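These notes concern the structure reproduced below.
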Amino acid sequence: MIAQIEGKLVSLDSDKCLVQVGQVCYEVMLPGYAVSDLSGQIGNDIVLCTIEYYEGTPGGGNLIPRMVGFLTHGEKEFFSLYTSVKGMGIKKGLKSLTMPIARIADVIESGDEKMLTTLPAIGKRFAQLIIAELKGKLGEFAFS
């Protein structure tokens with residue numbers, strides 16, 4: 001498993017980037033807050049903490065390897081907890097992370113359902129589920 005990638009940021013889109021490591025370019029999916037933080041860094045060396053997963057159905061034979069990048073190891077740990085909520089897949093999780101991790105952790109820890117529903121792909125019932133499953137587990141990631 002590739003746990004970290006270091007190289008030159010070649011391009012940056014709204015949900016992914018290309019990182020050149022030697023002669024190879026890796027496509028890395030990113031949460032929205034990370035795209036904002038990396039804007040203006042094209043051509044610079046960056047380091048991303050990563051997770052890998054396979055998209056598709058094992059029986060269908062169309063498994064596509066994907067890499068997801070985060071700015072810090074803590075953000076990667078948060079994402080693992082965040083996507084442990086039933087119904088929160090990797091793509092949905094990435095799409096919903098439009099504000100910094102510390103802010104989202106703070107919102108969940110304080111039980112602020114209304115603020116959580118402002119995130120893309122998070123409705124009222126899903127916000128309630130996220131709070132029910134994660135409240136009390138995200139203190140180390142929150143602002144405090």
Side-chain angles (χ1 to χ4, degrees), residues 1-21 25-60 62-144:
M1 175 188 322
I2 299 172
Q4 182 172 297
I5 187 168
E6 182 175 350
K8 181 169 47 169
L9 181 62
V10 175
S11 70
L12 186 63
D13 292 328
S14 62
D15 61 349
K16 63 183 177 269
C17 69
L18 288 179
V19 179
Q20 184 173 353
V21 180
C25 257
Y26 292 92
E27 181 180 87
V28 183
M29 298 167 54
L30 298 168
Y33 73 87
V35 171
S36 296
D37 285 358
L38 291 173
S39 65
Q41 297 289 323
I42 294 180
N44 293 340
D45 286 338
I46 63 167
V47 177
L48 296 173
C49 296
T50 60
I51 60 170
E52 291 180 285
Y53 76 99
Y54 290 92
E55 184 178 285
T57 55
N62 292 328
L63 292 176
I64 301 167
R66 301 278 187 206
M67 192 179 314
V68 180
F70 302 93
L71 303 175
T72 68
H73 182 70
E75 292 171 357
K76 178 179 161 181
E77 286 180 28
F78 170 89
F79 190 73
S80 292
L81 283 170
Y82 189 63
T83 55
S84 72
V85 174
K86 186 178 179 181
M88 178 72 79
I90 290 180
K91 284 192 171 186
K92 187 174 190 173
L94 283 174
K95 183 178 180 180
S96 69
L97 296 180
T98 56
M99 62 177 73
I101 295 294
R103 177 72 180 120
I104 294 172
D106 196 44
V107 165
I108 294 168
E109 285 297 306
S110 66
D112 189 348
E113 177 186 313
K114 187 174 181 181
M115 183 64 168
L116 204 52
T117 61
T118 65
L119 299 175
I122 307 295
K124 183 177 179 168
R125 286 196 176 187
F126 199 52
Q128 292 169 343
L129 179 62
I130 292 168
I131 291 168
E133 289 194 25
L134 296 180
K135 188 174 181 178
K137 298 178 182 176
L138 304 176
E140 68 181 286
F141 305 105
F143 284 127
S144 316

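Below, each value reflects all heavy atoms present in this structure, side chains not excepted, and no hydrogens, waters or symmetry copies. Counting from 1, the numbers follow the sequence of the chain as shown. All values derive from a computational prediction rather than experimental measurement.
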Does any pair with a residue in residues 94-104 pass salt bridge (Lys or Arg N to Asp or Glu O under 4.0 Å), and if so which ones, sequence neighbours excluded?
R103-D106
Only pairs at least two apart or in different chains count here, so list each salt bridge (Lys or Arg N to Asp or Glu O under 4.0 Å) that has a residue in residues 26-51.
E27-R66
Should I101 and F79 count as side-chain neighbours, where that means a heavy-atom distance under 4.5 Å?
no
Between L30 and L12, is any pair of side-chain heavy atoms under 4.5 Å apart?
yes
Output side-chain donor-acceptor pairs under 3.5 Å for residues 114-122, partner residues at least two apart or in another chain, one line each.
| from | atom 1 | to | atom 2 | distance (Å) |
| --- | --- | --- | --- | --- |
| T117 | OG1 | K114 | O | 2.6 |
| T118 | OG1 | M115 | O | 2.5 |

Would you check, one step at a time, whether the test side-chain contact (heavy atoms from CB on, under 4.5 Å) holds for N44 with L9?
CA-CA 6 Å; N44 293 340; L9 181 62; 5.8 Å; no
Rounded to the nearest 0.5 Å, what separates atom [atom1] in [X] from atom [atom2] in [Y]?
X: I131; Y: E113; atom1: CD1; atom2: CD; answer: 5.5 Å
X: I130; Y: L81; atom1: CD1; atom2: CG; answer: 12.5 Å
X: T83; Y: M88; atom1: OG1; atom2: CE; answer: 8.0 Å
X: C17; Y: Q41; atom1: SG; atom2: CD; answer: 11.5 Å
X: I64; Y: N62; atom1: CD1; atom2: CG; answer: 7.0 Å
X: L48; Y: L38; atom1: CG; atom2: CG; answer: 6.0 Å

Under the rule for side-chain hydrogen bond (donor to acceptor under 3.5 Å, both in side chains), what residues qualify as partners of K91, not counting sequence neighbours?
E55
The criterion is side-chain hydrogen bond (donor to acceptor under 3.5 Å, both in side chains); which residues satisfy it with E77, sequence neighbours excluded?
H73
Listed by chain and number, what are the side chain to side chain contact (heavy atoms under 4.5 Å, CB included) partners of T72, not counting sequence neighbours?
E75
Could I get the full list of side chain to side chain contact (heavy atoms under 4.5 Å, CB included) partners for I2, not counting sequence neighbours?
Y26, T50, E52, M67
May I have all residue pairs that pass side chain to side chain donor-acceptor pair (under 3.5 Å) and include part of residues 4-18, sequence neighbours excluded?
none
Kindly determine whether F141 and I104 satisfy side-chain contact (heavy atoms from CB on, under 4.5 Å), including the steps that lead there.
CA-CA 9 Å; F141 305 105; I104 294 172; over 6 Å; no
Going by the ring pair (Phe, Tyr, Trp, His ring centres under 6.0 Å) test, which pairs reach into residues 81-100, not counting sequence neighbours?
F78-Y82
Can you tell me which residue pairs pass the ring pair (Phe, Tyr, Trp, His ring centres under 6.0 Å) test with a partner in residues 34-59, sequence neighbours excluded?
none
Shortest non-hydrogen contact from P31 toward G69
CD-O, 3.4 Å
Residues passing the ring-ring contact (aromatic ring centres under 6.0 Å, His included) test with F126, sequence neighbours excluded, are none
Okay, side chain of E109, backbone of L138: is any donor-acceptor separation there less than 3.5 Å?
yes
